[in-house]
Amino acid sequence: MPDNKQRQESGDVARLLSYVALLAVSAGLFLEARTIPTSRFEVLGAGAFPILVHGTLIALLLGAIVGSVRKLPTQAYGRFFSHIGQWALSRRLVFVVFGCLAVYLFAMPVIGYPIATFAFLAVLQITFAPKTRKAIAIALVLSVIFSFGLNWLFAEVFNVFLPRGR
Amino acid sequence: MNDFLIGAAQVLAPTTLIMMFFGSFAGIIAAAIPGFTVTMAIVLTLPLTFTMEPLQGISLMLSVYVGGYTGGLISAALLGIPGTPSSVATTFDAFPMARKGEPGRALSLGVWASFFGTVISTIVLIFAAPPLAIFAVKLGPWEYFALIVFALTIVASLVGHSLQRGLIAAMIGLAISTVGTDPMMGRPRFDMGFEMLAAGLPFLVVLIGIFAISQLASEVEDVNAIKTGEKLVTGDVEFKTWAVMREVLMRPVNLVRSSLIGVAIGALPGAGGSIANLVAYDQAKRASDTPEAFGTGTPDGVIASEAGNSATAGGGLIPLIALGIPGSAVDAILMASLMVHGISVGPRLIMDNGDLVYGMFIAMAVSSLMMLFICIVSMRAFLRVAEVPKWVVVPIVLVCCVVGSFALNNRVSDLYLLGFIGLFGYALKSLDYPLAPLVLGVILGPIAETNLRRALMTDSDWNLFFTRPVSLMFLIAAALSVAWAVRGILKSRNDQKISKEPV
């Protein structure tokens with residue numbers, strides 16, 4: 001199946017890019033760890049363990065990058081960009097989830113847990129649910145229970161106060 | 001004998017039994033919700049015990065403890081999300097088994113393994129508490145570091161499709177554990193000037209983000225399936241109580257080995273269920289005739305993980321009862337509840353309060369029976385979760401994860417971390433990085449660093465790691481473990497080559 005092989009190669013290109021990104025981060029942290037001063041009270045300082053970890057990680061990532069570059073044909077890089085669009089389109093609901101989650105998490109400290117959660121649950125459930133009246137009614141009832149209801153339970157029973165907003 | 005009878009009378013009093021029943025139930029429910037841990041459930045129970053008799057209070061907390069270690073398996077099996085850190089390995093086989101259409105069997109295996117694990121750990125607790133406790137506290141930082149080196153070799157069993165990516169994931173986990181204040185001197189590291197990174201990345205937030213958020217996002221990848229109201233798990237929701245009990249008992253070696261691993265790791269101060277389930281799983285896989293079946297829904301994997309994590313409950317009580325040293329956060333809370341009642345916890349506990357100690361043994365056994373009873377009676381209701389459509393479960397479990405992450409420290413910044421780590425976890429999962437080694441790295445990183453530095457602060461001689469017998473034993477075990485893993489990889493490569501050659 002050539003299509004499957006091409007997809008596999010696109011996946012390998014994506015992994016190669018992830019190795020490069022991780023290498024850049026790890027190398028940066030390795031250099032920063034070297035600047036952490038050692039203490040007079042111990043042989044190893046606060047930077048020793050991170051140096052050891054990032055040093056090993058860098059070696060592993062370099063090995064992975066060399067292995068991937070040797071394995072991948074040149075055409076795979078060109079095909080990767082056409083496949084990435086299809087991949088993103090097929091996973092559009094995942095992007096909806098992360099988008100809603102980001103808005104929810106940043107809005108919660110401002111508008112408070114109950115309202116933010118109600119809006120988050122209602123929007124997400126109605127987006128995912130089959131478009132029937134029954135499903136929408138269930139979604140709204142569950143949104144109320146897990147927003148205002150859970151907030152009440154935590155405050156009154158457990159004495160834990162979820163974000164109340166500004 | 002008199003102390004035993006006094007303890008038994010207090011634990012078996014109707015009011016205590018009723019409280020323990022509700023405690024077990026609450027522990028199971030709390031641990032079944034991703035983001036809520038056994039520790040949180042115990043903390044919430046502590047104020048309720050102030051007005052009770054000491055043994056009554058401790059029995060209630062033990063019932064929450066035992067119930068909590070079992071509850072984590074519910075979301076591990078049905079959602080693929082570990083309900084607590086101690087059920088990470090349960091997801092490896094219980095979830096594939098549930099996805100293959102046997103959610104009832106997966107849960108039932110876990111419940112029975114938990115029950116037998118708790119019973120075995122209670123028996124060990126009764127007979128071996130003093131010698132085991134003395135051994136556990138004699139271990140110095142050299143032995144702890146060597147133990148962690150051995151535990152890190154578990155990565156070989158958790159790597160999934162690629163050893164290389166498994167090792168990279170484990171190193172990412174160790175790297176994540178170095179963010180924030182250094183564990184020895186309190187020096188800030190890698191916080192990039194962000195306040196939310198200054199305290200480090202809380203383990204629970206990392207666990208929820210990496211496992212739960214990424215798993216929930218994967219559930220909505222198939223647009224058509226979710227829009228048509230697809231359920232999380234389809235198939236037989238029969239609990240098959242007695243058939244599965246026989247199935248568990250037919251694997252006595254795995255059951256006893258995993259339980260003893262749980263007891264031993266539970267007895268070590270600082271370790272606990274989060275490590276025990278992974279070590280027990282790893283050892284079961286290595287000892288199996290069919291290691292390739294692990295990760296595809298084999299009963300041995302579920303039994304090893306659940307027996308291992310439940311047995312840490314008894315193991316953790318060993319240093320607490322024998323020496324007054326709490327082995328984990330939960331044991332420290334149990335100790336606090338005794339101290340509130342003016343009971344001095346220390347080596348004289350068993351001599352001065354024999355009835356209390358024997359009562360705790362009985363309470364452990366009763367709690368495991370209650371957990372079993374509750375699970376058998378109510379598991380049908382839990383299994384209904386599997387029948388709820390994804391469009392309901394995914395958003396609601398996401399909210400539970402958010403609430404659990406916030407309630408951990410009451411910090412809004414943990415919510416932002418959860419979002420970022422969730423996105424990072426999903427990216428890694430999509431790129432076929434195994435997530436379990438990463439979590440193992442986050443668990444073991446601080447213990448490894450602290451003990452390495454502590455050992456060299458005590459004596460700068462590196463040779464001590466090899467000249468102290470227990471440390472040497474763990475290092476040899478680690479070397480053998482690596483050799484075994486390399487042999488397995490070479491063997492599977494040879495098998496692949498042979499199967500590819502034309503006949």
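Every chain is numbered from 1, with letters handed out A, B, ... down the list of sequences.
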Do [X] and [Y] have side-chain heavy atoms sitting under 4.5 Å apart?
X        : Y        : result
B:Val399 : A:Leu121 : yes
B:Phe190 : A:Glu32  : yes
A:Ser26  : B:Met171 : no
A:Trp87  : B:Ser430 : yes

Quick one: what part of [X] sits under 4.5 Å from any heavy atom of chain B, side chain, backbone, both or neither?
X        : answer
A:Ile126 : neither
A:Leu44  : both
A:Val97  : side chain
A:Ala48  : neither
A:Tyr19  : both
A:Ala102 : neither

Report which part of [X] has an atom under 4.5 Å of a heavy atom belonging to chain A: side chain, backbone, both, or neither.
X        : value
B:Val220 : both
B:Phe406 : side chain
B:Leu398 : side chain

Specify which of [options] makes the most heavy-atom pairs with chain B at under 4.5 Å.
options                                : value
A:Thr117, A:Leu29, A:Asp12, A:Thr56    : A:Leu29
A:Gly11, A:Ala33, A:Gly28              : A:Ala33
A:Ile145, A:Leu124, A:Val96, A:Thr127  : A:Leu124
A:Phe146, A:Phe128, A:Phe161, A:Phe120 : A:Phe128
A:Pro163, A:Gly47, A:Cys100, A:Ala14   : A:Pro163

Dump the intermediate steps for side chain to side chain contact (heavy atoms under 4.5 Å, CB included) on B:Glu219 and A:Leu93, then the final yes or no.
-> CA-CA 10 Å; B:Glu219 295 293 349; A:Leu93 283 186; over 6 Å; no

Where [X] and [Y] come nearest, the two heavy atoms and their spacing:
X        : Y        : value
B:Gln164 : A:Gly63  : NE2-C, 3.7 Å
B:Ala217 : A:Phe98  : CB-CE1, 3.7 Å
A:Gln125 : B:Val392 : OE1-CA, 3.8 Å
B:Trp391 : A:Ala135 : CH2-O, 3.6 Å
B:Val402 : A:Tyr104 : CG2-CE2, 3.9 Å
B:Val403 : A:Phe154 : CG1-CZ, 3.6 Å

Any donor-acceptor pair under 3.5 Å from A:Arg15 side chain to B:Leu431 backbone | yes

Expected output: side-chain B:Arg189 to main-chain A:Ala46 donor-acceptor under 3.5 Å = yes

Please test B:Tyr426 against A:Arg91 for side chain to side chain contact (heavy atoms under 4.5 Å, CB included), starting from the C-alpha separation and ending with a verdict.
-> CA-CA 12 Å; B:Tyr426 180 73; A:Arg91 282 165 173 75; 3.5 Å; yes

Mind ranking B:Met184, B:Met457, B:Arg453 by heavy-atom pairs under 4.5 Å with chain A and telling me who comes out on top?
-> B:Arg453

Leading residue by heavy atom contact count with chain A [cutoff under 4.5 Å; candidates B:Ala170, B:Ala448, B:Ala175] | B:Ala175

As an exercise, state the distance from [atom1] of [X] to [atom2] of [Y], rounded to the nearest 0.5 Å.
X        : Y        : atom1 : atom2 : answer
A:Ser18  : B:Arg165 : OG    : CZ    : 8.5 Å
B:Met185 : A:Ile36  : CE    : CD1   : 13.5 Å
B:Leu452 : A:Leu52  : CG    : CG    : 8.0 Å
B:Ile213 : A:Leu101 : CD1   : CG    : 5.5 Å
B:Ile172 : A:Leu22  : CD1   : CG    : 4.5 Å
A:Leu105 : B:Leu417 : CG    : CG    : 10.5 Å

Give the C-alpha distance, both sets of side-chain angles, the deciding distance and a yes or no for side chain to side chain contact (heavy atoms under 4.5 Å, CB included) between A:Leu142 and B:Ile396.
-> CA-CA 8 Å; A:Leu142 288 173; B:Ile396 286 176; 4.0 Å; yes

Pair A:Phe106 + B:Tyr416: ring centers closer than 6.0 Å | yes

Determine the sole option in B:Thr178, B:Asp182, B:Leu174 for which the side chain to side chain contact (heavy atoms under 4.5 Å, CB included) test with A:Pro50 is passed.
-> B:Thr178

Please say whether more than 12 non-hydrogen atoms of neighbouring residues, nucleotides or ligands are located less than 6.0 Å from [atom1] in [X].
X        : atom1 : answer
A:Tyr77  : OH    : yes
B:Phe22  : CZ    : no
A:Lys131 : NZ    : yes

